[in-house]
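The figures here come from the full heavy-atom set of this structure, side chains too, leaving out hydrogens, waters and symmetry mates.
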Amino acid sequence: MSKKLSIILILLSFLGQSAFADVYINDLRSLFLHNKAIIMAVNLRTFNAKDTNKNGIIDEDEEKGNFINAIERLDELKEEGINTLHVLPITPTGRFKALGTAGSVYSPSSLTEINPYLADTKSGLNIKNQARKFVDECHKRGIRVIADLPSCGAYDMYLEQSDLFKKGKNQMPIVPTDWTDVRLFDTGTDDNLNQSLYDLHIKFVDMVMDIGFDGIRADVATIKPFTFWKNLITYARSKDPNFLFLAEASDSWREPPSEYAVFTPYDKLLEAGFDGYYGSFFNIKDWSKGEQLINHINFNKKLFAKYDTPKSVIGSFTTHDELSPILINGQRLSEMIIWLNTTLPVNSYYVDGFQTGAQYVYFWGNKKADKTYTDDDYYFVHRGKFDLFNFSAKPEGQNKDINNNFIIANKYKKTFSQIFSKGSFVPLAVSNDSVFAYARSYGDKTIITIGNLDFKNAKQKVKVTIPKMNNKHKLLVIKGSSGHCTLTQKKDKLTLEIPAGDIQVYLINDLSLQ
């Protein structure tokens, strides 16, 4: 044993374990790969904004959401069961050719600076230390933090560094699809990366790791080459092997948002080193048959088996790109999303406001503003979706039933973490196409989930077959019916009349299914 190592061991022994009790160690990647992450996406600009006059907009004399006042809401999220935050981009937003009075958070004018409007002007800390304090306060509460990496750049950035951007036949920067406030980066190709752009992304990684973030969510990850991501992920992992990389990508995406963009599909992104992706759970709004849900789970199980290292997926049933579930199928869809996120082999994923039934409907949307910080003097919004474009109020609803389900379900995900992280996933035979049923089983405990994807018609009668179950097994209710439901148990069959859009969850002891 070397003299240096001996001295280190003596010091460790002398100081004792208590001296290191408060040292934070990033475990997000492990948490995610075991489907234990319960993630909330937040926009710090609105997260704890103080809309004192209740007009929906943060006026000049009101307090915008910032790193410091965001800390006030962390205990609330912890009590609700959130253990991970996905923080939407903290980079400065573009002012030119912008959308909204504050500019989209996904239209960055820089990848190496922090948005000055996220600073608390009353704090004595500089903005980077304010960001560090926010992340540190998250960590003290057992909440991990993911930084969002925008996929494109603002027009302002193009004016400063045109070499970073792809140009068309007219030598003008490319507007991908209908994202009119951003311009497409010129990433280069797998064989010839744009080194200047890649180096800029290295600096972004350095910045967020220095602040203390535990991982990165890559916006529209498909429009950068395989080698770009492989190299960037390798670089980050050389600094922190537990640093998470989550790709915004879907198996249903088949082409890039522009003919000028490269396209790296979801499976190649996972091969490049991403720990997980979005999947296509947002298609639940279009699913009418239970097998569509089951098939997507089985698809992901088969997909992940291809890789040498573990992979996972988020329950992307609702994201900032999706309409509020309340506007699609009301409270029933929100409750279904909560319990699917809890019981499926996925990491739970929600958007701030979902937990209280927010509708994200802004009465001032697309109206002329008295004050703007961009060249757009209208409040640009996507009706029914999370506001990314303005200094708007904290997103929240008033639905206590959804909030109660949210809190209870997250507690069950933690209570039965062995089942949900290690347990088998067993699709159960059903007699009705609109109904899905599956079991999660580990040791001698099995959790049964049954749901009805028909949100319009009356009750659906269905028989669910549960192998090995007999009349001696008792069904303990975890999530009961939101409407009147009859249930008959006979040997290995459950016969139900399940209400439209309903979901039920049961625990059976002394039953193991593989």
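- A distance of 6.0 Å separates CD1 of Ile503 from OG1 of Thr449, quoted to the nearest 0.5 Å.
- Close placement of the Tyr24 and His139 rings is indicated, their centers lying within 6.0 Å of each other.
- For the pair Asp267 and Leu303, the tightest heavy-atom approach, listed with the atom from each and the gap, is CB-CD1, 4.1 Å.
- Ring-plane geometry between Tyr438 and Phe425 is classed as tilted, the angle between the planes lying from 30 to 60 degrees on a 0 to 90 degree scale.
- Nearest heavy-atom pair, Leu44 versus Ala70, reported as atom, atom and distance to 0.1 Å: CD2-CB, 3.9 Å.
- Listed for the Asn48 side chain is a donor-acceptor partner under 3.5 Å among the backbone atoms of Asn69.
- Interatomic distance, CD1 of Ile38 versus CD1 of Ile314, reported as 14.0 Å (0.5 Å rounding).
- Nearest heavy-atom pair, Gly56 versus Asp51, reported as atom, atom and distance to 0.1 Å: N-OD2, 2.9 Å.
- Residues Ile478 and Gln504 fail the side-chain proximity criterion, which asks for heavy atoms closer than 4.5 Å.
- Between Phe243 and Asp275, the shortest heavy-atom distance links the atoms O-OD2, 4.0 Å.
- Between Tyr349 and Tyr278, the ring planes lie tilted relative to each other; the angle falls in the 30° to 60° range.
- The nearest pair of heavy atoms linking Glu80 to Asn403 is OE2-ND2, 3.2 Å.
- The distance from the NZ atom of Lys445 to the CG atom of Leu511 is 11.5 Å, given to the nearest 0.5 Å.
- Contact detail for Lys289 and Leu453: the closest heavy-atom pair is O-CD1, 3.4 Å.
- Between Phe304 and Tyr277, the ring planes are perpendicular. Angles over 60° get that label, and only those under 30° would be called parallel.
- Judged by distance alone, the side chain of Thr93 and the main-chain N or O of Ala102 form a donor-acceptor pair under 3.5 Å.
- Not a single donor-acceptor pair under 3.5 Å links the side chain of Arg141 to the backbone N or O of Leu74.
- Ring pair His201/Trp229 is perpendicular by interplanar angle, where above 60° counts as perpendicular and below 30° as parallel.
- Figure legend: cation-pi geometry between Arg73 and Phe47, with NZ or CZ positioned under 6.0 Å from the six-membered ring centre and within 45° of its axis.
- Around atom NZ of Lys285, more than 12 heavy atoms belonging to other residues, nucleotides or ligands sit under 6.0 Å away.
- Atom CD1 of Ile448 and atom OH of Tyr506 lie 10.5 Å apart (nearest 0.5 Å).
- Under a 3.5 Å cut-off, the side chain of Asn283 and the backbone N or O of Asp286 do not form any donor-acceptor pair.
- Without hydrogens or angle criteria, Asn26 side chain to Asn242 main chain gives a donor-acceptor distance under 3.5 Å.
- Side chain of Lys36 to backbone of Asn83: no donor-acceptor contact under 3.5 angstrom is found.
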Exercise for review: Let me see the working for Lys461 and Asn432 under side chain to side chain contact (heavy atoms under 4.5 Å, CB included), right down to the final yes or no.
Suggested key: CA-CA 7 Å; Lys461 188 171 183 177; Asn432 188 306; 5.8 Å; no
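- A cation-pi arrangement, defined by a distance under 6.0 Å to the six-membered ring centre and an angle within 45 degrees of its axis, is absent between Lys385 and Tyr360.
- A salt bridge does not link Lys306 to Glu271: none of the charged nitrogens lies less than 4.0 Å from a carboxylate oxygen.
- Ring centers of Tyr117 and Phe391: under 6.0 Å apart, within the cut-off.
- Counting only distance, with no hydrogens or angles, the side chain of Ser107 and the backbone of Asp181 share a donor-acceptor pair below 3.5 Å.
- With hydrogens and angles disregarded, no donor-acceptor distance shorter than 3.5 Å links the side chain of Lys268 to the backbone of Thr222.
- A distance of 11.0 Å separates CG in Leu487 from CD in Glu497, rounded to the nearest 0.5 Å.
- Counting only distance, with no hydrogens or angles, the side chain of Asn295 and the backbone of Glu291 share a donor-acceptor pair below 3.5 Å.
- Here His320 and Tyr106 bring their ring centres to under 6.0 angstrom of each other.
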Point to revise | Pair Tyr442-Phe420, ring-ring contact (aromatic ring centres under 6.0 Å, His included): steps then yes or no | key: CA-CA 8 Å; Tyr442 184 76; Phe420 297 136; over 10 Å; no
